[in-house]
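Okay, so here's the structure we're looking at.
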Amino acid sequence: MPKSTPHRLPDQLRPNLRLVFVGTAASTRSAEVGHYYAHPGNRFWLAIFEAGITPRRYQPGEFAALLELGIGFTDLSKSGAGMDHEIEAASIDVPGFKAKMEKYRPKTIAFTSKRAASLFYGRPSSVIALGRQPRDGSLPEIFVLPSPSGAASGHWTIEPWRELAAWIAS
């Protein structure tokens, strides 16, 4: 498949999920194989298991099975693919994302990078803290997690993932 027309990852959403993970866009690898967080260097699947969000370590190809656990997936850009700095600004659809959240009304949203949260909030990532965010009116609870991407390993910590696991278990 040519790089200019990457495969979009399908949303994994349904009403009243307990948690929706939100990325900026699919990685090149995820777009190629059609699975969320598919790059072998990505810590996502290990992190959600180690933090206690899932009962076992799932593989990227099993992402749809997490719906049965009340966990969904989407991205701010459904047409872009690659590293965050490679995603065209025009492909970021915050209003579309907000409309999906209003339609499906998950209990908690977890951005899987400060960059995704930055795009959502319209603020620089440097002023966004990791962890649970201040409550914002009609929106669900929002958490910002450190990126599980291997490219962001210098900023990795499991603690916000554990905070999220404790919150959704309560």
Side-chain angles (χ1 to χ4, degrees), residues 9 11-13 17-30 35-55 57-58 60 63 66 69-78 80-87 89 91-98 100-101 104-170:
L9 287 176
D11 283 336
Q12 292 292 300
L13 298 171
L17 290 168
R18 65 186 182 120
L19 174 61
V20 173
F21 286 107
V22 184
T24 305
S27 70
T28 303
R29 175 76 178 144
S30 289
H35 308 314
Y36 284 88
Y37 306 99
H39 191 282
N42 194 299
R43 293 181 181 86
F44 178 84
W45 298 101
L46 182 59
I48 63 173
F49 170 64
E50 286 185 347
I53 295 169
T54 59
R57 185 171 179 180
Y58 286 78
F63 72 92
L66 271 66
L69 301 176
I71 298 171
F73 296 91
T74 191
D75 292 302
L76 295 177
S77 170
K78 295 308 291 179
M83 296 179 74
D84 282 356
H85 70 275
E86 299 171 326
I87 306 304
S91 76
I92 302 295
D93 184 9
V94 173
F97 167 73
K98 286 181 177 178
K100 288 179 208 176
M101 295 305 100
Y104 293 108
R105 309 203 54 74
K107 293 175 180 54
T108 306
I109 295 169
F111 289 104
T112 58
S113 71
K114 287 178 81 173
R115 174 70 177 145
S118 166
L119 292 164
F120 173 75
Y121 285 118
R123 299 194 307 253
S125 58
S126 60
V127 301
I128 296 174
L130 292 172
R132 191 171 166 203
Q133 302 300 297
R135 196 79 169 107
D136 187 4
S138 65
L139 291 170
E141 291 292 336
I142 296 177
F143 280 74
V144 177
L145 304 171
S147 173
S149 168
S153 60
H155 303 283
W156 176 252
T157 174
I158 190 87
E159 291 312 314
W161 296 78
R162 288 187 176 136
E163 181 187 354
L164 172 62
W167 168 255
I168 64 171
S170 63

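In this chain, residues are counted from 1 in sequence order. Every value quoted in this text rests on a predicted model; they were computed, and no experiment measured them.
Across every non-hydrogen atom of Lys78 and Leu9, the tightest pair is NZ-O, 2.7 Å. The two atoms that bring Phe21 and Ile53 nearest to each other are CZ-CD1, 4.3 Å, heavy atoms only. Across every non-hydrogen atom of Ala117 and Val144, the tightest pair is CB-CG2, 3.6 Å. Closest heavy-atom contact between Ser30 and Ser27: N-OG, 2.9 Å. Considering every non-hydrogen atom in both Asp75 and Thr24, the closest pair reads CB-O, 3.8 Å. When every heavy atom of Pro160 is checked against every heavy atom of Leu130, the shortest pair comes out as CG-CB, 3.9 Å.
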Step-by-step side-chain contact (heavy atoms from CB on, under 4.5 Å) determination, Phe97 to Ile109: CA-CA 11 Å; Phe97 167 73; Ile109 295 169; 4.1 Å; yes

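Between the CG atom in Leu17 and the CZ atom in Arg105 there is a gap of 13.0 Å [rounded to 0.5 Å]. The line from CD1 of Ile71 to CG of Leu13 is 13.0 Å long, rounded to the nearest 0.5 Å. The CG atom of Leu76 sits 6.0 Å away from the CZ atom of Phe111 when rounded to the nearest 0.5 Å.
With contacts defined as side-chain heavy-atom distances shorter than 4.5 Å, the pair Ser126/Ile128 does not qualify. You'll find the side chain of Ile142 reaches within 4.5 Å of the side chain of Phe120, heavy atoms only. The shortest side-chain heavy-atom distance between Leu66 and Gln12 does not fall under the 4.5 Å cut-off. Side-chain contact between Asp84 and Leu119 is absent, with no heavy-atom pair separated by less than 4.5 Å. Contact of the Met101 side chain with the Pro106 side chain is registered, since non-hydrogen atoms from C-beta on lie closer than 4.5 Å.
Applying the side chain to side chain contact (heavy atoms under 4.5 Å, CB included) test to His35 and every residue at least two apart in sequence or in another chain returns Val33, Ala38, Pro60, Phe63. When the side chain to side chain contact (heavy atoms under 4.5 Å, CB included) test is applied to Ser149, the partners found at least two apart in sequence or on another chain are Asn42, Ser147, Ala151. With sequence neighbours excluded, no residue satisfies salt bridge (Lys or Arg N to Asp or Glu O under 4.0 Å) with Arg123. In this structure, the side chain to side chain contact (heavy atoms under 4.5 Å, CB included) partners of Ser77, at least two apart in sequence or on a different chain, are Ala25, Ser79, Ile87, Ser91, Ile92. Every residue two or more places apart in sequence or in another chain was checked for a ring pair (Phe, Tyr, Trp, His ring centres under 6.0 Å) with Tyr104, and none qualifies. For Pro55, the side chain to side chain contact (heavy atoms under 4.5 Å, CB included) partners are Tyr58, Leu69, not counting sequence neighbours. Residues forming a salt bridge (Lys or Arg N to Asp or Glu O under 4.0 Å) with Arg43 (at least two apart in sequence, or on another chain): none. Glu50 meets the salt bridge (Lys or Arg N to Asp or Glu O under 4.0 Å) test with no other residue; sequence neighbours excluded. Checked against side-chain hydrogen bond (donor to acceptor under 3.5 Å, both in side chains), Thr108 has the following partners two or more places apart in sequence or in another chain: Trp167. Taking Trp45 as the reference, nothing meets the side-chain hydrogen bond (donor to acceptor under 3.5 Å, both in side chains) condition, with sequence neighbours excluded.
Among residue pairs with one or both ends in residues 109-121, those qualifying as side-chain hydrogen bond (donor to acceptor under 3.5 Å, both in side chains) are Tyr37-Thr112; sequence neighbours excluded. Sorted by first then second residue, the salt bridge (Lys or Arg N to Asp or Glu O under 4.0 Å) pairs that include residues 148-170, not counting sequence neighbours, are Glu159-Arg162.
Ring pair Trp161/Trp156 is tilted by interplanar angle, where 30° to 60° counts as tilted.
In summary, Lys107 and Glu141 do not engage in a salt bridge, as defined by a charged side-chain N under 4.0 Å from a carboxylate O.
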